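All figures in this text were calculated on a predicted structure; none of them were measured in a lab.
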Amino acid sequence: MKTNEPLFTDGTSALKILDHNEIGDNHMMTSLDTPMKDSAFDISDEEKKEKIAFHFSEIMETLGLDLTDDSLQGTPDRVAKMYIEEIFSGLDPKNKPKVALFDNKYQYDQMLVEKNITFYSNCEHHFVPIIGKAHVAYISSGKVIGLSKLNRIVQYYAKRPQVQERLTNQIANELKNILGTEDIAVIIDAKHLCVSSRGIKDDSSTTVTAYYGGAFEKHEKIVELQNFIQS
C-alpha cells in the first residue's frame with residue numbers, strides 16, 4: 001500500500017514539480033512493499049526473457065558494442081535468464097520459500113540467532129549489487145522454524161531490486177507473520193556498489209540497518225544479541 005502523495009505547503013503536488021533527479025533517494029512514495037505493477041505477472045517468464053534480451057541488446061548496441069562478436073552475442077540472453085531465474089527471482093511469489101513450523105518441544109525460551117547469512121541483492125536506484133550479511137534472531141512463542149528456512153527467507157527478499165531499509169523490514173515482517181511473535185530482530189551489514197564503484201567511490205564503508213521487535217527492544221537483549229553476533 002502506497003503512502004499519501006507528498007504535497008507542498010500550498011497543497012501543490014511535489015511529484016508534479018520535482019523530477020526524479022531532484023527527488024533523489026528521498027523515497028517519497030515508497031512503502032514496505034516492493035513497488036510492483038498490477039500486471040507484473042500477466043506474461044510468462046519466457047516472454048519476459050525475450051523482452052529483456054531484446055532491450056538489453058539495444059543497450060549494448062547503443063554503447064557501441066559489436067553483438068556479432070562470439071563473446072558478446074549470447075550476452076542479452078544470458079542477462080535475461082539471470083534476471084528472471086536468479087538475481088530478481090524474489091519478485092515472483094511462486095519462488096517464496098515454503099515454510100513448516102515445529103513445536104518447541106525442547107522448551108527453549110532464549111533467543112535463537114542465525115548469523116552471517118551472506119546475501120546478494122541489487123540497488124533499485126542503479127541496478128548494481130548490494131553484498132552483505134544478515135543476522136536474524138527470534139524467541140519462540142511455541143513454534144520453531146527450520147534453520148535453513150531463515151536463510152531462504154533472507155535470500156527471497158534479497159533477490160529483487162532493493163533498498164536496505166526495506167529489505168530489513170521485509171525480512172522482519174515475514175518472520176513475525178510466520179512465527180506468530182513480535183520477538184524478532186534483523187541486522188544487516190552491507191556494501192553498496194553504487195557507493196563503492198560509482199559516485200563517491202568509497203570502497204571501505206558499509207551500511208548497517210536493524211529491526212528490533214518485542215523483547216529485542218530492551219537494551220539488555222540488544223546487547224546480548226550483539227555479543228552473540230560478535231562472538
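- The ring of F88 has its center closer than 6.0 angstrom to the ring center of F127.
- One hydrophobic cluster holds both I59 and I87 under the rule that ILVMFWY side chains link at heavy-atom gaps under 4.5 Å.
- Salt bridge absent: K81 and E86 never bring a charged side-chain N and a carboxylate O closer than 4.0 Å.
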Worksheet item: How far apart are the C-alpha atoms of T34 and E124, what are their side-chain angles, what is the distance that settles it, and do they pass the side-chain hydrogen bond (donor to acceptor under 3.5 Å, both in side chains) test?
Response: CA-CA 10 Å; T34 300; E124 70 180 33; over 6 Å; no
Discussion item. side-chain contact (heavy atoms from CB on, under 4.5 Å) for I43 and K48? Distances and angles first, verdict last.
Written reply: CA-CA 7 Å; I43 63 174; K48 289 180 180 180; 3.6 Å; yes
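- Within the 4.5 Å cutoff, the side chain of Q170 has heavy atoms near those of the Q162 side chain.
- Under the 4.5 Å side-chain heavy-atom criterion for Ile, Leu, Val, Met, Phe, Trp and Tyr, L101 and I171 are members of the same hydrophobic cluster.
- A donor-acceptor pair is defined here as one N or O able to donate and one able to accept, closer than 3.5 Å; such a pair exists between the side chain of Y138 and the backbone of I145.
- Looking only at side-chain heavy atoms (C-beta outward), M60 and D66 stay at 4.5 Å or farther from each other.
- Side-chain contact between E50 and P76 is absent, with no heavy-atom pair separated by less than 4.5 Å.
- Taking the side chain as every heavy atom from C-beta outward, Y156 and R152 never approach each other to under 4.5 Å.
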Item to complete: Let me see the working for D189 and T206 under side-chain hydrogen bond (donor to acceptor under 3.5 Å, both in side chains), right down to the final yes or no.
Response: CA-CA 6 Å; D189 186 350; T206 63; 2.9 Å; yes
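- In this structure, F41 places its CZ atom where more than 12 heavy-atom neighbours from other residues, nucleotides or ligands lie under 6.0 Å away.
- Taking 4.0 Å as the cut-off between side-chain N and carboxylate O, K37 and D42 do not count as a salt-bridged pair.
- When the shell of 6.0 Å around CD1 of I200 is examined, it contains 12 or fewer heavy atoms from other residues, nucleotides or ligands.
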Under 3.5 Å donor-acceptor pairs involving side-chain atoms of residues 175-183, not counting sequence neighbours:
{"unit_1": "K176", "atom_1": "NZ", "unit_2": "N173", "atom_2": "OD1", "d": "3.3"}
{"unit_1": "K176", "atom_1": "NZ", "unit_2": "Y211", "atom_2": "OH", "d": "3.0"}
{"unit_1": "N177", "atom_1": "ND2", "unit_2": "N173", "atom_2": "O", "d": "3.2"}
{"unit_1": "T181", "atom_1": "OG1", "unit_2": "D183", "atom_2": "N", "d": "2.9"}
{"unit_1": "D183", "atom_1": "OD1", "unit_2": "A215", "atom_2": "N", "d": "2.8"}

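- Residue N104 holds its CG atom at 11.5 Å from CD1 of I139, rounded to the nearest 0.5 Å.
- Not a single donor-acceptor pair under 3.5 Å links the side chain of H135 to the backbone N or O of I187.
- The CD atom of Q73 lies 13.5 Å from the CG atom of L65; values are rounded to the nearest 0.5 Å.
- Residue I131 holds its CD1 atom at 6.0 Å from OH of Y120, rounded to the nearest 0.5 Å.
- In this structure, CZ in R166 is found 8.5 Å from CZ in R160, a value given to the nearest 0.5 Å.
- Remark: side-chain polar atoms of Y108 are paired, donor with acceptor, to backbone N or O of M111 under 3.5 angstrom.
- Checked by atom type and distance alone, the side chain of K51 never pairs as donor or acceptor with a backbone atom of E46 at under 3.5 Å.
- Looking at D45 and K94, a side-chain N of the basic residue comes within less than 4.0 Å of a carboxylate O on the acidic one, giving a salt bridge.
- Residues P129 and N122 share a closest heavy-atom pair of N-OD1, 3.7 Å.
- Hydrophobic cluster membership is shared by I153 and L112, with clusters built from Ile, Leu, Val, Met, Phe, Trp and Tyr side chains linked at under 4.5 angstrom.
- A donor-acceptor pair is defined here as one N or O able to donate and one able to accept, closer than 3.5 Å; such a pair exists between the side chain of N95 and the backbone of S89.
- Side-chain contact between I130 and V163 is absent, with no heavy atoms from C-beta onward closer than 4.5 Å.
- For S204, the side-chain hydrogen bond (donor to acceptor under 3.5 Å, both in side chains) partners two or more places apart in sequence, or in a different chain, are D202.
- In summary, D77 and K49 do not engage in a salt bridge, as defined by a charged side-chain N under 4.0 Å from a carboxylate O.
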Discussion item. Would K191 and D203 count as a salt bridge (charged side-chain N to carboxylate O under 4.0 Å, His left out) here? Give the steps.
Written reply: CA-CA 8 Å; K191 178 182 288 289; D203 192 47; 3.8 Å; yes
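- We find the CG-NZ distance between D92 and K159 to be 13.0 Å, quoted to the nearest 0.5 Å.
- Residues Y212 and V186 form no side-chain contact, since every pair of their non-hydrogen atoms from C-beta on lies 4.5 Å or further apart.
- Residues T118 and Q155 approach most closely at O-NE2, 2.7 Å, considering heavy atoms.
- Clustering ILVMFWY residues whenever any of their side-chain heavy atoms sit less than 4.5 angstrom apart, transitively, puts I184 in a cluster other than the one holding I229.
- One finds no salt bridge joining D103 and K105 here, because no Lys/Arg side-chain nitrogen approaches an Asp/Glu carboxylate oxygen to under 4.0 Å.
- Linking ILVMFWY side-chain heavy atoms closer than 4.5 Å, directly or via other members, places Y106 and L147 in two distinct hydrophobic clusters.
- Here the side chains of F119 and L167 are in contact, with some heavy-atom distance below 4.5 Å.
- For the pair L91/P161, a side-chain contact is recorded, criterion being any heavy-atom separation below 4.5 Å from C-beta on.
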May I have the list of side-chain donor-acceptor pairs in residues 217-228 shorter than 3.5 Å, sequence neighbours left out?
{"unit_1": "E217", "atom_1": "OE2", "unit_2": "G214", "atom_2": "N", "d": "3.4"}
{"unit_1": "K221", "atom_1": "NZ", "unit_2": "E224", "atom_2": "OE1", "d": "3.4"}
{"unit_1": "N227", "atom_1": "ND2", "unit_2": "V223", "atom_2": "O", "d": "3.3"}

Practice prompt. Quick one: do F102 and K143 satisfy side-chain contact (heavy atoms from CB on, under 4.5 Å)? Show the steps, please.
Written response: CA-CA 5 Å; F102 306 92; K143 298 290 184 179; over 6 Å; no
Worksheet item: Hey, mind stepping through T209 and Q164 against side-chain hydrogen bond (donor to acceptor under 3.5 Å, both in side chains) and telling me if it holds?
Response: CA-CA 7 Å; T209 49; Q164 188 170 324; 3.1 Å; yes
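- Expressed to the nearest 0.5 Å, how far CG of L72 lies from OG of S57 amounts to 12.0 Å.
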